[in-house]
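So that the names make sense, note that chain A is the first sequence line, chain B the second, and so on, each numbered from 1.
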There are 2 protein chains.
Amino acid sequence: MSQGSTARAVGEHLSEWITEGRLAPGDKVSETSVASQLEVSRNTVREAFRLLAHDGLLVHEFNRGVFVPQVTSADVRDVYRLRLIIEPGVVRALTARDTHRLGTLEAAVAEARTAARRRDWPRVGTANMHFHRSLVALAGSPRLDVMMRRLTAELRLLFAVIDDPRYLYQPFVKRNKELLALMTKGRFEEGADYLESYLGDSEGAILAAFEERERTA
Amino acid sequence: MSQGSTARAVGEHLSEWITEGRLAPGDKVSETSVASQLEVSRNTVREAFRLLAHDGLLVHEFNRGVFVPQVTSADVRDVYRLRLIIEPGVVRALTARDTHRLGTLEAAVAEARTAARRRDWPRVGTANMHFHRSLVALAGSPRLDVMMRRLTAELRLLFAVIDDPRYLYQPFVKRNKELLALMTKGRFEEGADYLESYLGDSEGAILAAFEERERTA
DNA sequence: GCATATTTGTCCGTATGTATA
DNA sequence: CTATACATACGGACAAATATG
């Protein structure tokens with residue numbers, strides 16, 4: 001309606017429903033129900049489904065419909081394996097003249113700070129995504145950007161499983177800030193090492209939550 | 001109809017048209033023309049467009065339609081940058097017990113050999129794609145597999161620009177075979193180094209063709 | 001295992017808005 | 001600036017596949 005396609009708008013809605021837990025992992029997402037709730041045609045809903053399936057936020061099973069992915073600890077490991085390859089690699093490849101291109105990272109850090117002050121943890125999570133996407137964008141590779149967009153989208157899916165988001169999101173604020181400080185000083189090698197251990201900790205925390213959940217279930 | 005969706009079948013057709021040059025880079029791909037030529041509905045064509053756009057074989061511009069990507073030397077560099085990160089990394093991470101899991105690679109090498117004997121260069125190209133996809137599959141990462149599928153699809157797009165495919169495809173046959181030999185012996189570090197230089201040469205050859213083309217155009 | 005109801009996959013016709021000649 | 005072409009979106013329809021009782 002306003003700007004962009006309605007299919008994209010429907011996609012945004014669905015994306016929120018997923019990250020807010022209104023749509024739980026494993027849930028079936030019916031074409032007709034979404035179409036009637038958002039008052040759009042079924043065709044448009046199908047278009048939105050494709051967009052989200054593209055980012056891994058929905059899975060499409062032929063003749064059965066679309067579902068919210070049932071993420072497991074294996075997915076956590078896979079996502080973090082790729083993050084550990086990509087993100088420190090990008091930081092390590094930076095040089096002194098990149099210290100002037102960190103504006104978007106600063107913005108993301110500021111966004112996270114104000115959100116944390118307001119105890120708005122979902123927004124802290126969004127800011128964290130912005131930070132890491134901006135970080136990867138420094139590499140200047142369009143294809144890497146697409147891949148990182150996918151990964152951060154799936155990250156939201158993983159975080160959505162966690163009951164208490166604060167416990168996971170809060171550490172990000174400080175650590176992103178510290179990583180940025182290292183990078184501003186041009187200490188990229190140190191930054192990459194810092195990022196590696198930071199990602200390792202993050203993976204460990206999420207993994208623990210998942211394995212606990214998988215044990216009880 | 002037969003197996004899978006008709007949208008997928010339409011996607012296969014379009015994919016062939018692109019790699020065969022029937023659809024040239026920069027061409028607009030009209031919904032209605034494809035729908036009438038393949039005798040399917042516009043709706044189905046739109047679904048197929050999304051599928052191919054997902055793999056980078058088509059680009060979608062809002063309110064303007066879909067186009068065959070206008071690939072440039074910058075795209076060559078970007079694709080190879082990612083290949084150089086991913087593929088040698090996978091090989092380096094392998095261990096002795098992976099030497100028994102190289103069956104798909106052997107099959108791809110054999111496929112390339114027989115195709116080369118028949119001077120069927122497009123088929124050699126396909127076999128080469130299979131080889132590198134199988135290689136990355138050894139890492140056991142579903143998300144890396146998806147990414148590699150995208151990259152190889154785009155690779156076909158790059159190769160489609162080259163006039164004489166034999167010149168580019170022929171070296172692959174021998175080099176894939178030699179890489180496989182190293183891997184079979186468990187010499188993964190050497191294999192990774194070999195792959196790096198091999199990819200570097202490949203990039204250089206394609207890049208030269210692109211820069212020549214961009215100079216004349 | 002069967003009959004039924006639901007839902008998806010596909011198609012068509014039409015209206016509206018956007019881009020471009 | 002107007003006119004044309006085309007993409008976006010709608011709503012209804014039907015067959016086929018799936019899920020349900």
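- Note on residues 97-135 of chain A: pairs passing ring pair (Phe, Tyr, Trp, His ring centres under 6.0 Å), not counting sequence neighbours, are His132(A)-Tyr198(A).
- Of the candidates Val59(B), Leu23(B), Leu52(B), Val29(B) forms a side chain to side chain contact (heavy atoms under 4.5 Å, CB included) with just one, namely Leu23(B).
- Side chain of Thr126(B) to backbone of Pro122(B): a donor-acceptor contact under 3.5 angstrom is found.
- In this structure, Thr184(A) has no side chain to side chain donor-acceptor pair (under 3.5 Å) partners at least two apart in sequence or on a different chain.
- Contacts of Glu111(B) classified as salt bridge (Lys or Arg N to Asp or Glu O under 4.0 Å), with partners at least two apart in sequence or in another chain: none.
- The distance between atom CD of Glu61(B) and atom C1' of dT8(D), rounded to the nearest whole Å, is 15 Å.
- Looking at heavy atoms from C-beta onward, Leu158(B) lies in side-chain contact with Phe210(B) at the 4.5 angstrom threshold.
- Atom-to-atom, NE2 of His60(A) to P of dT7(C) comes out at 16 Å; the value is rounded to the nearest Å.
- Arg46(B) pairs by the side chain to side chain contact (heavy atoms under 4.5 Å, CB included) definition with Glu47(A), Glu31(B), not counting sequence neighbours.
- Of the residues in residues 25-41 of chain B, those placing a heavy atom less than 4.0 Å from an atom of DNA chain D are Lys28(B), Ser30(B), Glu31(B), in numerical order.
- Listed by chain and number, the residues in a salt bridge (Lys or Arg N to Asp or Glu O under 4.0 Å) with Asp98(A) are Arg101(A) (sequence neighbours excluded).
- For residues 205-217 of chain A, the pairs satisfying side-chain hydrogen bond (donor to acceptor under 3.5 Å, both in side chains) are Ser73(A)-Glu214(A), Arg77(A)-Glu211(A), Glu212(A)-Arg215(A), with sequence neighbours left out.
- Considering only residues two or more places apart in sequence or on other chains, Asp201(B) meets the salt bridge (Lys or Arg N to Asp or Glu O under 4.0 Å) condition with Arg175(B).
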For nucleotides 19-21 of chain D, give me every protein contact, N/O to N/O, under 3.5 Å, one pair per line with atom names.
residue	atom	partner	partner atom	Å
dA19(D)	OP1	Arg64(A)	NE	2.4
dA19(D)	OP1	Arg64(A)	NH2	3.1

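- A donor-acceptor contact under 3.5 angstrom links the side chains of Arg97(B) and Thr95(B), judged on distance only.
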Polar atom pairs between nucleotides 2-4 of chain D and protein, under 3.5 Å, N or O only, would you list them?
none

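- Taken residue by residue, residues 42-50 of chain B places heavy atoms nearer than 4.0 Å to DNA chain D at Arg42(B), Arg46(B).
- In this structure, the side chains of Leu195(A) and Leu135(A) come closer than 4.5 Å at one or more pairs of heavy atoms.
- Applying the salt bridge (Lys or Arg N to Asp or Glu O under 4.0 Å) rule to pairs touching residues 57-70 of chain A yields Glu61(A)-Arg64(A), sequence neighbours excluded.
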